[in-house]
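A short write-up of the structure that comes next.
To find a chain, count down the sequence lines: A is the first, B the second, and so on, and within it residues start at 1.
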Amino acid sequence: MARLRAAYPILAQDIAPGVPLHYLDNGATGQMPQPVLDAIIAHETTARANVKRSVHTLAERATNAYDDARDAVAAYLKVPAREVIFTAGCTAAINLVARSHGDLLAPGDAIAVSELEHHANLVPWQMLAARRGLTLVRLPMTADGRLDRAALPRLIDKRVKLVAVTHASNVTGAITPVAEVAAIAHAAGALLLVDGAQMAPHGPLDLPALGCDFYVLSGHKLGAPNGVGVLWGRYPLLDAMAPLMGGGEMIRSVTFETSTYARPPQRFEAGTPPIAPAVGLGAACRFHAALDHDAAMAHQLALTGRLIEGLARIAGNRLRLIGPAGLDDRLPLVSFVIEGTHPHDLCQILDRRGVALRGGHHCAQVLHAVYGVAGSARASLAPFNDAGDIEACLAGIADAMKVLLS
Amino acid sequence: MARLRAAYPILAQDIAPGVPLHYLDNGATGQMPQPVLDAIIAHETTARANVKRSVHTLAERATNAYDDARDAVAAYLKVPAREVIFTAGCTAAINLVARSHGDLLAPGDAIAVSELEHHANLVPWQMLAARRGLTLVRLPMTADGRLDRAALPRLIDKRVKLVAVTHASNVTGAITPVAEVAAIAHAAGALLLVDGAQMAPHGPLDLPALGCDFYVLSGHKLGAPNGVGVLWGRYPLLDAMAPLMGGGEMIRSVTFETSTYARPPQRFEAGTPPIAPAVGLGAACRFHAALDHDAAMAHQLALTGRLIEGLARIAGNRLRLIGPAGLDDRLPLVSFVIEGTHPHDLCQILDRRGVALRGGHHCAQVLHAVYGVAGSARASLAPFNDAGDIEACLAGIADAMKVLLS
Amino acid sequence: MSDELYPRDMLRTASDIRFAGSLPDAGGHATLDNPFCGDRVGFDVTLADGRIKSLRHQVKACVICQASAALLSAEAEGRTADDILDLGDRLMAGLKQDARPLLAGHPAFDLFTGITRHRARFACVLLPFEALEAATREAEKATS
Amino acid sequence: MSDELYPRDMLRTASDIRFAGSLPDAGGHATLDNPFCGDRVGFDVTLADGRIKSLRHQVKACVICQASAALLSAEAEGRTADDILDLGDRLMAGLKQDARPLLAGHPAFDLFTGITRHRARFACVLLPFEALEAATREAEKATS
Ligand SMILES: Cc1ncc(COP(=O)(O)O)c(C=O)c1O
Ligand SMILES: Cc1ncc(COP(=O)(O)O)c(C=O)c1O
């Protein structure tokens, strides 16, 4: 653990004089380990060039580095590299599907989206529905913040052409049984898009085993630079999609009047791609793949259990968990409300102890509306978190309650 | 000059044992100066967090850094910060206008695009024209690779709603008289979009004086990281545009069925933005703004003149310049063909001397088709280039001609 | 327990409910969300001679935003929508510059001096100004 | 002047025009561009018994691509579209692995051993394979 913490330069400094950082906002952005930073610095100082355009040495190094990054992501997801598209982020990846695949849907078709979704996996479908005259089907959640599996077979009927659900909720932490949802979707003739933004940082994935058709993730949540994300899709699906953006790299041939396009993945990577961010993402995938993720998850869930117990002890019946209370099928993240305190006020007071939690609706207003609250506070863990982080968080919450409820 | 070269870590190393780097591919990607690299490292190790979502110290630092980056870009362009939208790059910025502003155009309207354009400033308009039933008007160039000003008043008629031209050609180097084009466009009731990808790296701009309505640029060409670019637009124009992508940060309020959107610039920045790349771009703008760009341009054009003379001396009447021969109203970049040699073969041989030129169509197939060639070789300079770079380039070309024409 | 950011006065002001509620005869109403936390502030206003005569607020928000709504309500009578806009702009400038007083002529707003280092919270202070301005504009439109 | 990447043999092969031109009675034709440089390779083919009988190429490309087109043309007779695809795949693998010979059974292609370190140029070698495969498929379709 100490060795893992040492890999993160940001943990080495105090956040204010004498106040060490207790970073529990990993769900918003993952911290960058040194090997990723080193890979970026090496790239910018020894291999910086545009890709696929020039034959000089720097351009070759850059092109190789970019190709290697795609290979690293493909290995992390267990898919062929040519099915991996680099995007600007998870949000851009979902919007690409909503536009380019969405334009293949016909008025009257339906898209099924869960109440649990991050705005990134809801608003693009609203926009698509408005643009193409489609129906949005609402997949409900259970009282403890999980996708309601019992409701799916009835709601996912023949009109539904695409189901969009998160692999794990960024608010409740609930993990979706993707293979089961995939079976239901496919039985109805629908495709399944899975939002892996929260799941991907917790270790390598086996997308073929999940059985979904599209998968998206964001680099920064894995500790890579901002500005890169991934869309994975089955090749024939990608190959049937028109490009969303036009420009360099995505063409086969251009005349003034018209152009022909390259095959995927290039077709969807118009312009200079996020080369260095992708190189960082490749390094991040290798870094994560080298961790023992079963052990890391057990460690993080043990801390999650301590946090939930501590919250109940301190806040008593003012505590409201936004999500399941148990530790099964969940990520190591906890969202909660303490009655009479506002999440932002709580987080502001925690900050003075170096404890970084996030407060607000976490880009999931629908979910919070179902719970009848405007927002919540969230602690989200990474493998490097330790018992000290949890103790500091609990002490800060006790403190905040004194300030805000006195 | 030596001090300026010292700011670029990539120039400090040999590209192969005993072979120093002569980087003359600045038009493809600008090299990153140390202050930009330092800004990125500092950000990733002391201020890394998501922006605008959390109230903890790291999130505040990240949000401030991102806001400061927008201010730095706004100052570089002499425009208000709220008119500056961060995109994934120049290509993404043009596509955003082509979609979100383009959707406001009506069938039968026309868009005027020049023959000089990079595919990034042509293919999105082709896609828009096909999608909305618009006409593409072709603005011709003169024999020496400049926008043909005489032809504009006739071609830009009342049907034309948008004119899209480059501020400077990435192939011929010709600088467009933007204010003049803006006057012609506005007289016809058309808006003007200017592609600043090549111009922006050559010093701060005064967009209000240029008189255009949209301006786009790419961070990596200024030495910032990949994955960030800029769309500037007049606020009322931006405010009239619908968002291209949906997700976090771009909403005002979300219910399951529908959402309301934030005002610009947030409306167009869905999802976690390219924070660290933007911070790098802010640092790059400050770095460039601190150079004496008049002196730098004079220096680079003097080298450009030496290069053109040397090419004529070595290649004689095998030389064909793809662009003007003079040094007025041009960027310090030279594209050329040496009859009987292929640009890629030439560049490959130059590479062995550490000379990095780019060969190919430079994402400008239409321009090359007008010249009747498939591609050309291009040397593109930056302020740090020196006489040694030009000598190495010329010696390499003499060498390549021996290899390829023997 | 006292505190730089959340002084006792802030909590006391936040729980001041003199202006909470609604106006059955409101000439204008507006509700605005803070898009980053989902907080919500609504205002009802009535005008006399084009100026705010009475008002009530509906606030579901953090302590800072509640306190700001209460302070603003107490100082709003007799003002126009443009006045409110101007007050908000000047308070924003004061927060950015960490000025004293934060808002010239309105010392009560110095309650927020503790947050000048926390730009993310400026929106919490300003949201009531935006909502009241919008409600007042609506009332102005209705009477013009 | 000789050279690792551009040996005299490469230049000589590139200027081999035995198979340049077109076939008036072509059963299949295809032209492909290299999207990164605008280079263009076209092939005309005629078949006999489902196999390439004669062919001509139209090449506007770099020396490497010209040489590849010439070598491939000289070895294409009697092959099917699948054969050409397979040859191209094997040559690509040889280039990636820097194998010797680059293409088992076809030592002539060792002309390209100098470019194995230059991945960007692999496409120059492979473009003729893709174009010939496409032309042959077209001819196969026309006769089936
Ligand atoms: C004139 C011009 N426009 C647009 C672009 C596209 O920029 P990017 O590839 O960074 O999106 C470039 C560079 O490639 C360019 O030179
Ligand atoms: C579940 C989920 N989906 C999507 C996103 C959007 O990712 P990004 O903002 O990086 O595009 C996030 C993170 O913000 C998330 O937690």
Under a 4.5 Å heavy-atom cutoff, which of [options] has the most pairs with chain B?
options	result
A:A12, A:G89, A:A62, A:G223	A:G223
A:G227, A:S259, A:C347	A:S259
A:V228, A:I41, A:L96	A:I41
A:L350, A:L128, A:T46, A:N26	A:T46
A:N121, A:L357, A:T87	A:L357
A:T258, A:L136, A:V355	A:T258

Pick one of side chain, backbone, both or neither for [X], based on which atoms fall under 4.5 Å of a heavy atom in chain B.
X	result
A:A92	both
A:L122	side chain
A:P277	side chain
A:V36	neither
A:V137	backbone
A:S253	both
A:L21	side chain
A:T135	neither
A:T255	backbone
A:T45	both

Please report the closest heavy-atom contact between [X] and [Y], naming both atoms and the distance.
X	Y	result
B:L37	A:E44	CD1-CB, 4.3 Å
B:R48	A:I10	N-CD1, 3.9 Å
A:A88	B:A88	CB-CB, 3.9 Å

Would a 4.5 Å heavy-atom cut-off, applied to side chains only, mark [X] and [Y] as touching?
X	Y	value
B:L58	A:Q31	yes
B:N226	A:P273	no
A:E117	B:V254	no

**Prompt:** Can you say whether B:Y23 sits under 4.5 Å from chain A via the side chain, the backbone, both, or neither, judging by heavy atoms?
**Reply:** side chain

**Fill in**
Honestly, the part of B:Q348 sitting under 4.5 Å from a heavy atom of chain A is both

Between [options], which residue shows the highest count of heavy-atom pairs closer than 4.5 Å to chain A?
options	result
B:R99, B:H361, B:M250	B:R99
B:T91, B:N95, B:V123	B:N95
B:Q365, B:M127, B:Q126, B:E257	B:Q126
B:A369, B:G246, B:A356, B:G354	B:G246
B:W125, B:F256, B:Y8	B:F256
B:E115, B:Q13, B:H56	B:H56

**Prompt:** Rounded to the nearest 0.5 Å, how far does CD1 of A:I251 lie from NE2 of B:H119?
**Reply:** 5.0 Å

**Asked** Rounded to the nearest 0.5 Å, what separation is found between the CG atom of B:N50 and the OG atom of A:S218?
**Response** 9.0 Å

**Request:** Could you pull out all residues at least two apart from B:S100 that satisfy side-chain hydrogen bond (donor to acceptor under 3.5 Å, both in side chains)?
**Result:** none

**Sequence neighbours excluded - salt bridge (charged side-chain N to carboxylate O under 4.0 Å, His left out) pairs with any residue from residues 20-38 of chain A** = A:D25-A:R378

